[in-house]
Undergrad: 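My structure is below; once you've seen it, I'll send some questions.
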Amino acid sequence: ALRSNRVLAPVDGTVLAVPVNVGDYVSETGSFRDGTTVAVLADMGDLLFKGQIEEAYVGQLRLGMPVSVRVGALPGESLAATLQWISPRATIEQANGVTPAGVQALTSSSAGVTRFELWARVARPVGEARAGYSASAEVELARAERVLTLEEGALRFASGKAYVQPCAGGGEREVRVGVSDGVRIEVVSGLREGECVREREAQ
């Protein structure tokens, strides 16, 4: 009678978890303690994509860029999003695939893959969306239309230059390249449309 036992939710949303059971001891929030979490709520109409991008591409990103999010559990759905936050600090995954816990010093001797965390806010989430879905995102860094392209595997890169092996004649020929999607690359000069080049053997 001397103390209220009402628990008021600070936001409207969907209950994702109830980490306590009937009969568990719960404490209120005070100046010396955070209190006991009795429920986890989320606004499912306000979804955030969280991912990582490699160091080689993070310098080309800008806040506000459009992002296309694809959710594995929702095939055929592409969610429009906006890049909202890029971590100012890198996360380094060691060669054994383990990311060290806690704050680690970033040094030039750190081995592994350097990535930066990023967040993108989904503009209009679909009704079937759930928290914790696995998803991937695509960001368009450059665009080139009606250009000559070549499979990137046919090129040899050395000293900042690109070379191909034409089918006719021996030796290599230097070509100037442009944007790439990781599979096909723009050929700015050095080749003509329909010209044959040799495939390079896998190393």
Undergrad: Nearest 0.5 Å, please: how far is CD in Glu199 from SG in Cys167?
TA: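 Taking SG in Cys167 and CD in Glu199, the distance rounds to 9.0 Å.
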
Undergrad: Report the distance from atom CE of Met65 to atom CD1 of Ile86, rounding to the nearest 0.5 Å.
TA: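 The CD1 atom of Ile86 is 8.5 Å from CE of Met65, to the nearest 0.5 Å.
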
Undergrad: Using the rule that two of Ile, Leu, Val, Met, Phe, Trp, Tyr join whenever any of their side-chain heavy atoms come within less than 4.5 Å, decide whether Val15 and Met44 are in one cluster.
TA: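 Hydrophobic grouping puts Val15 apart from Met44.
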
Undergrad: Show every side chain to side chain donor-acceptor pair (under 3.5 Å) that has at least one partner inside residues 135-145, sequence neighbours left out.
TA: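 As it turns out, the side chain to side chain donor-acceptor pair (under 3.5 Å) pairs with a partner in residues 135-145, which skip direct neighbours, are Glu140-Arg143, Arg143-Glu145.
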
Undergrad: So, do Tyr25 and Thr36 sit near enough that their side-chain heavy atoms are less than 4.5 Å apart?
TA: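 In short, these two side chains do not touch, never coming nearer than 4.5 Å.
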
Undergrad: Are any of the side-chain nitrogens in Glu186 or Arg176 under 4.0 Å away from the carboxylate oxygens of its partner?
TA: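 The answer is no: the pair does not qualify as a salt bridge.
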
Undergrad: Under a 4.5 Å cut-off applied to non-hydrogen side-chain atoms, are Arg33 and Ser27 in contact?
TA: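 Arg33 vs Ser27: side chains touch.
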
Undergrad: CZ/Arg89 to CZ/Phe116 distance, rounded to the nearest 0.5 angstrom?
TA: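 Here the rounded value is 9.5 Å.
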
Undergrad: Kindly give the heavy-atom pair with the smallest separation between Arg124 and Leu79, and that separation in Å.
TA: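 Smallest interatomic distance, heavy atoms only, reads O-CD2, 4.5 Å.
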
Undergrad: Does Leu48 share a hydrophobic cluster with Val139, counting links as ILVMFWY side-chain heavy atoms below 4.5 Å and allowing steps through other members?
TA: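 Different clusters.
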
Undergrad: Please check if Val122 and Val11 belong to a single hydrophobic cluster, counting links between Ile, Leu, Val, Met, Phe, Trp and Tyr side chain heavy atoms closer than 4.5 Å.
TA: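 Each belongs to a different hydrophobic cluster.
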
Undergrad: Is a side-chain donor or acceptor of Arg62 paired with a backbone partner of Gly59 at a separation under 3.5 angstrom?
TA: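 Yes: the side chain of Arg62 pairs with the backbone of Gly59.
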
Undergrad: If you draw a 6.0 Å radius around CG in Asp43, do more than 12 non-hydrogen atoms from other residues or ligands fall strictly inside?
TA: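 Yes.
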
Undergrad: Distance from Lys161 atom NZ to Tyr163 atom OH, nearest 0.5 Å?
TA: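 Spacing of NZ (Lys161) from OH (Tyr163) equals 5.0 Å.
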
Undergrad: May I ask you to check whether over 12 heavy atoms, not counting those of Arg130, lie within 6.0 Å of atom CZ?
TA: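 Open.
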
Undergrad: Count I, L, V, M, F, W, Y as connected when their side-chain heavy atoms are under 4.5 Å apart, and connections chain through other members. Are Leu16 and Val18 then in the same cluster?
TA: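 Hydrophobic grouping puts Leu16 apart from Val18.
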
Undergrad: By the rule that ILVMFWY residues connect when side-chain heavy atoms come within less than 4.5 angstrom, directly or transitively, which residues belong alongside Phe157?
TA: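 Phe157 clusters with Leu148, Leu150, Leu155, Val164, Val175, Val177, Ile185, Val187, Leu191, Val197.
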
Undergrad: Rounded to the nearest 0.5 Å, what separation is found between the CD atom of Glu55 and the OG1 atom of Thr114?
TA: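 Going from the CD atom of Glu55 to the OG1 atom of Thr114 covers 5.0 Å.
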
Undergrad: Has Tyr57 got more than 12 heavy atoms of other residues, nucleotides or ligands less than 6.0 Å from its OH?
TA: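 Counting other residues, nucleotides and ligands, OH of Tyr57 stays at 12 neighbours or fewer.
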
Undergrad: Can you tell me if Ser180 and Glu152 form a side-chain donor-acceptor pair at under 3.5 Å?
TA: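 Judged by distance alone, the side chains do pair up.
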
Undergrad: Which heavy atom in Tyr133 sits nearest to a heavy atom in Val71, and how many Å separate them?
TA: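 Closest approach of Tyr133 to Val71, heavy atoms only: CD1-CG1, 3.5 Å.
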
Undergrad: Distance-only, no hydrogens or angles: does the Asn21 side chain make a donor-acceptor pair with backbone N or O of Asp24 under 3.5 Å?
TA: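 Looks like no, no N/O pair under 3.5 Å.
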
Undergrad: State the NZ-CG distance between Lys50 and Leu118, to the nearest 0.5 angstrom.
TA: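 Rounded to the nearest 0.5 Å, the NZ-CG separation comes to 11.5 Å.
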
Undergrad: Within a reach of under 6.0 Å around CG of Asp12, are more than 12 heavy atoms found that belong to other residues, nucleotides or ligands?
TA: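 No.
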
Undergrad: Taking the side chain as every heavy atom from C-beta outward, state whether Leu61 and Ile53 have any pair of such atoms under 4.5 Å apart.
TA: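 With C-beta onward as the side chain, the pair touches.
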
Undergrad: Taking a hydrophobic cluster as the set of Ile, Leu, Val, Met, Phe, Trp and Tyr residues connected by side-chain heavy atoms closer than 4.5 Å, whether directly or through intermediates, do Val179 and Val147 fall within one such cluster?
TA: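 Looking at the clustering, Val147 is in a separate group from Val179.
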
Undergrad: Would you mind listing every side chain to side chain donor-acceptor pair (under 3.5 Å) that reaches into residues 67-86, with sequence neighbours excluded?
TA: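 The answer is Ser68-Ser78, Gln84-Arg121.
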
Undergrad: Less than 4.5 Å apart, any side-chain heavy atom of Arg173 and any of Glu195?
TA: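 Yes, at least one pair of side-chain atoms sits under 4.5 Å.
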
